[in-house]
**Student:** 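Here it is, the structure, as structure tokens.
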Number of protein chains: 2
Amino acid sequence: MSGIKEVAKQANVSIATVSRVLSKPESVAEETIKKVLEVIEDLNYQPNAAARQLRMSETTTILVVVPDITNTFFSDVLRGIECVALENGYQVLLGDAGNNLEQEKGYLNILRQKKAAGMILLTAGIEANIVEEIAAQYPVVLACEYLEGVNVPTVSIDNVSSARKATEYLINLGHKRIGFISGPMNSVLGRDRLKGFYQAMAQYNLKVEPDLVQEGNFSYRSGFNMMLKLLAYSHTPTAVFAANDEMAFGAINAIEQKGLTVPQDISVIGFDNIKFSSIFKPALTTISQPTFDIGTKAMELLIGLMTKQEMEKTQFILENKLVLRDSCYKCSR
Amino acid sequence: MSGIKEVAKQANVSIATVSRVLSKPESVAEETIKKVLEVIEDLNYQPNAAARQLRMSETTTILVVVPDITNTFFSDVLRGIECVALENGYQVLLGDAGNNLEQEKGYLNILRQKKAAGMILLTAGIEANIVEEIAAQYPVVLACEYLEGVNVPTVSIDNVSSARKATEYLINLGHKRIGFISGPMNSVLGRDRLKGFYQAMAQYNLKVEPDLVQEGNFSYRSGFNMMLKLLAYSHTPTAVFAANDEMAFGAINAIEQKGLTVPQDISVIGFDNIKFSSIFKPALTTISQPTFDIGTKAMELLIGLMTKQEMEKTQFILENKLVLRDSCYKCSR
DNA sequence: ACTAAATTTGAATGCGGTTACAATTCGGTT
DNA sequence: AACCGAATTGTAACCGCATTCAAATTTAGT
């Protein structure tokens, strides 16, 4: 309703003056400012974002593409992003990809339409070369997953070494027959965690039985089913490493359904440390990712890019730690 | 980079023609369309959203204000919203209020700036009169919570009758001393669920011991602590109704920490049926809310408002149901 | 009191599209 | 050959704001 014109009229000044009161008050007389601000207050005036954006050719909206907002891991990261976005006057446009690549790509148009000034990708479904092309034109930062050989600002954890750390923990508890329930092999994340597992096993000269490595898809269901599969072999593992917590829950429930107990019969370790991991019984031993920090760091990076600041560094590997709880125990066999 | 001018030049037509190819192709010659589309494809041209919005004074962005994105209940609703938003060409701007009223109010400016064409409130922190005022000027729909006496399109469940249903279930299992861990009393939602509890108890002529009603804040922690409090009384309840699932988890874990078991010693029922409720042990008996549907319905309503369609109805109460699992059992005392 | 400099203000322009309106083309009629 | 209507295209005027540049006003200095 009330635009800058209305304010100008009521304050008896030109629209230029109103505009200046809002953006360069130091160039306006004290008294005029007061008068104008009063009217602004009065009319509840807020400058039209579209007009401003068109004129200034810059927006304060950023886009975050998430594979699945329902996953608490991502929503935690999102909260981190939102938090520093707000502090700096940005709004976040949510792009839930629903685990669908086409949809994910569709969001790139938001950037082309200048609806968002930059983008944070929490996914890694889009092909590396496309990401690189986009990143060359617009501010983009990758969070959580990184793309091999792509030189785009990234914040993540070292999945390989963390998975190694988790595996070593199991080995040091005396476990030798260790099963692994992996994430989908078409995700970097899934592959890296598996790689860490292999590295640790090799380092301790332990053989990895191919049968004991099963591919899941990060869902509870898949964790449950793959564990059932592992339990079906004559020679069951004494410990299982699930590539994320949800699958670990599935594995544990499968084990218990078979009448065995965790950790006495089989130890289970997870990855992510989602909110629920400490509530679950047994409380889950897992690798904790600094989700919130990943979010804040990613957003800070993006702001840096958007404001064209000089960056000393654009690749950040955040610390993660092993959280010891009740789902692992010394190997008894 | 490439705007409509560039396209026009390369296609050898005026910008008006380019614009028409995109919006009213039936008024453009077949051949011209082809030529223009080719150039558009070539340049990867996408019309500038700000310019379009300014001219048309309408945007395809909507705002969703969420109390806490980390809560899977809200993220489920959000997914429902996002889903139909996408189908209809809308984008969703995320407003995480971080349980902070000031922040929540701040998002109203997004509407005033015309950055969003409408808003869905998943919270009910803002004062009723303010909501009403805003709703008079902009399309707004309330989801999850409703504001008493406010005539704003709403989709929700009937918290009172659902809470009554849950309580009746407990009563029918033979429980007489039933505890209640409520949500915060300053939320409608919290109050309604408590009201339903009272109604059911009264209906069956059961006394509600004031000591057995404790106020939590919907967090796991508070559920745990309030349960500890209930257990400290000499005469403990045989069943407990927690106003949401997270608190129910807290209650159960508190009970078990005291050496008692659920449901044999004490039955526990929750509310919401979040993803985790079926994974938890014991699997939680709870009231299931149609989260996804709440989201889709809310977005459909909002679209209706924004496109000024005639609405037969603007208040929707969605069905919920009692999900029977393993956390409740017949009263043995 | 008068002028130069500094301060404060307003008129006009354009950001990149959409669209009303005018102009042009073209085949068909008279 | 002149004329007409339909189809197609171009011209230009906005949309609301920021900003340049010049005009108006105030301040300061002599």
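The basis for the numbers below is simple: all heavy atoms, side chains too, and nothing from hydrogens, waters or symmetry mates. Sequence lines set the chain letters: A, B, ... in the order given, protein chains first and strands last, and positions in each chain run from 1.
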**Student:** Does B:D96 use its side chain to pair, donor to acceptor, with the backbone of B:I69 at less than 3.5 Å?
**Tutor:** yes
**Student:** Could you check how far CZ of A:R52 sits from P of C:dG16, rounded to whole Å?
**Tutor:** 18 Å
**Student:** Please report, rounded to the nearest Å, how far the C1' atom of C:dG17 is from the CD atom of B:Q46.
**Tutor:** 14 Å
**Student:** By the 4.0 Å heavy-atom rule, please label B:L54 as base, sugar-phosphate, or nothing.
**Tutor:** base
**Student:** For the residue pair A:Q53 and A:E58, establish whether any side-chain heavy-atom pair is separated by less than 4.5 Å.
**Tutor:** no
**Student:** Tell me the interatomic distance from A:K24, atom NZ, to D:dT19, atom P, rounded to whole angstroms.
**Tutor:** 7 Å
**Student:** Is it true that a side-chain atom of A:S57 and a backbone atom of A:L54 form a donor plus acceptor pair closer than 3.5 Å?
**Tutor:** no
**Student:** Is the closest side-chain heavy-atom distance between B:S156 and B:L318 below 4.5 Å?
**Tutor:** no
**Student:** Specify the residue among A:S57 and B:L22 whose closest nucleotide of DNA chain C lies further upstream toward the 5′ end.
**Tutor:** A:S57
**Student:** Between C:dG17, D:dT19, C:dC15, spot the one nearest the side chain of B:P47, thanks.
**Tutor:** C:dG17
**Student:** Tabulate atom names and distances for all N/O pairs under 3.5 angstrom spanning the protein and nucleotides 24-28 of chain D.
**Tutor:**
none

**Student:** Rounded to whole angstroms, how far apart are CG on B:L43 and P on C:dG17?
**Tutor:** 12 Å
**Student:** Is A:Y45 near enough to D:dC17 that one of its side-chain N or O atoms lies under 4.0 angstrom from OP1 or OP2?
**Tutor:** yes
**Student:** Is there a side-chain contact between B:Y138 and B:R112 (heavy atoms, below 4.5 Å)?
**Tutor:** yes
**Student:** May I have the distance from A:K35 (atom NZ) to C:dT9 (atom C1'), rounded to whole angstrom?
**Tutor:** 11 Å
**Student:** Any side-chain to backbone donor/acceptor pair from B:T154 onto B:V152? Under 3.5 Å, distance only.
**Tutor:** yes
**Student:** Is any side-chain heavy atom of A:L94 closer than 4.5 Å to one of B:L93?
**Tutor:** no
**Student:** Starting at CE of B:M56 and ending at P of D:dG16, how long is that distance when rounded to a whole Å?
**Tutor:** 14 Å
**Student:** For A:E30, is there an ion pair with A:K35 - N to carboxylate O distance below 4.0 angstrom?
**Tutor:** no
**Student:** Separation of A:K34 atom NZ from C:dT8 atom C1', in whole Å?
**Tutor:** 18 Å
**Student:** Set out, line by line, the N/O atom pairs under 3.5 Å between protein and nucleotides 7-13 of chain D.
**Tutor:**
unit_1	atom_1	unit_2	atom_2	d
D:dT9	OP1	B:T32	OG1	2.3
D:dT9	OP2	B:A29	N	3.0
D:dT9	OP2	B:T32	OG1	3.3
D:dG10	OP2	B:S14	N	2.9
D:dG10	OP2	B:S14	OG	3.2
D:dG10	OP2	B:T17	OG1	2.8
D:dG10	N7	B:R20	NH2	2.8
D:dG10	O6	B:R20	NH1	3.0

**Student:** Keeping B:N88 on the side-chain end and B:Y90 on the backbone end, is there a donor-acceptor pair under 3.5 Å?
**Tutor:** no
**Student:** Round to the nearest Å and state the distance from A:E58 atom CD to D:dC17 atom P.
**Tutor:** 16 Å
